[in-house]
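What follows is one structure encoded as structure tokens, with my remarks underneath.
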Amino acid sequence: ARAELSKRMEFDGVCVVTVSHAPVNAMSSVVLQRLMETMREVQKDEAVRAVVLQGDGGKFVAGADIKEMEKGPAPNSTFDRPLNLFDPLE
């Protein structure tokens, strides 16, 4: 399944980020990388006051992508280092 991320601005500086990685919005290395990039973008946008993270299709996030993990980590994988996804927002 293709992993996608969308970002839209709502009212009063609320940015809604949606994870879409069917069927259960698993956190693959691609999803995590895109989330980190999105958080950096949001941090630079002075209009953003809050971020809402949601999953597509009535599911939030199932957790790590087990199928990807079974293959073993790729070189320089997101899973090889500590994940500080929300650091840019501090």
Side-chain angles (χ1 to χ4, degrees):
R2 183 177 167 160
E4 296 183 14
L5 211 70
S6 64
K7 177 179 73 169
R8 72 177 190 277
M9 287 297 290
E10 293 286 329
F11 62 94
D12 290 335
V14 176
C15 178
V16 177
V17 177
T18 304
V19 175
S20 181
H21 188 199
V24 293
N25 298 324
M27 283 292 194
S28 67
S29 58
V30 171
V31 170
L32 289 171
Q33 185 64 38
R34 290 185 180 159
L35 272 172
M36 287 188 286
E37 291 167 2
T38 300
M39 292 303 114
R40 283 192 215 72
E41 290 172 13
V42 167
Q43 189 261 346
K44 293 175 186 175
D45 187 342
E46 292 184 16
V48 175
R49 298 180 53 208
V51 176
V52 175
L53 181 61
Q54 67 180 10
D56 191 30
K59 297 173 180 68
F60 178 57
V61 173
D65 188 335
I66 301 300
K67 290 180 182 177
E68 182 179 270
M69 292 176 72
E70 287 174 346
K71 297 175 189 173
N76 300 316
S77 168
T78 305
F79 294 116
D80 286 344
R81 59 188 182 277
L83 183 63
N84 300 314
L85 181 62
F86 298 105
D87 279 0
L89 300 181
E90 295 180 321

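Computed from a predicted structure; not experimentally measured. Basis for what follows: all heavy atoms, side chains included, without hydrogens, waters or symmetry-related copies.
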Should Phe60 and Leu35 be regarded as members of a common hydrophobic cluster, given that ILVMFWY residues are connected when their side-chain heavy atoms come within less than 4.5 Å of each other, either directly or indirectly?
-> yes
To the nearest 0.5 Å, atom SG of Cys15 lies from atom CD of Gln43 at 13.0 Å
So the salt bridge (charged side-chain N to carboxylate O under 4.0 Å, His left out) pairs with at least one residue in residues 46-60 (sequence neighbours excluded) are none
Please list all pairs passing the salt bridge (charged side-chain N to carboxylate O under 4.0 Å, His left out) test where one or both residues lie in residues 7-20, with sequence neighbours left out.
-> Lys7-Glu41, Arg8-Glu10
Separation between CD of Gln33 and OG1 of Thr38, rounded to the nearest 0.5 Å | 10.0 Å
Going from CZ on Arg34 to OG on Ser6, what distance comes out if it is rounded to the nearest 0.5 angstrom?
-> 11.5 Å
By salt bridge (Lys or Arg N to Asp or Glu O under 4.0 Å), which residues pair with Glu4, not counting sequence neighbours?
-> Arg2
List the atom of Val31, the atom of Ala26, and the distance in Å for their closest heavy-atom pair.
-> CG2-O, 3.8 Å
Can Met9 be reached from Val19 by stepping across I, L, V, M, F, W or Y side chains whose heavy atoms are under 4.5 Å apart?
-> yes
Tell me who clusters with Val24, hydrophobic residues only, linked when side chains sit under 4.5 Å apart either directly or through other members.
-> none
For residues Leu5 and Thr18, determine if any side-chain heavy atom of one lies less than 4.5 Å from a side-chain heavy atom of the other.
-> no
Check whether any side-chain heavy atom of Val30 sits under 4.5 Å from a side-chain heavy atom of His21, and report yes or no.
-> no
Counting N and O atoms only, with roles assigned by atom type, does the side chain of Glu68 sit under 3.5 Å from a partner on the main chain of Ser29, one being a donor and the other an acceptor?
-> yes
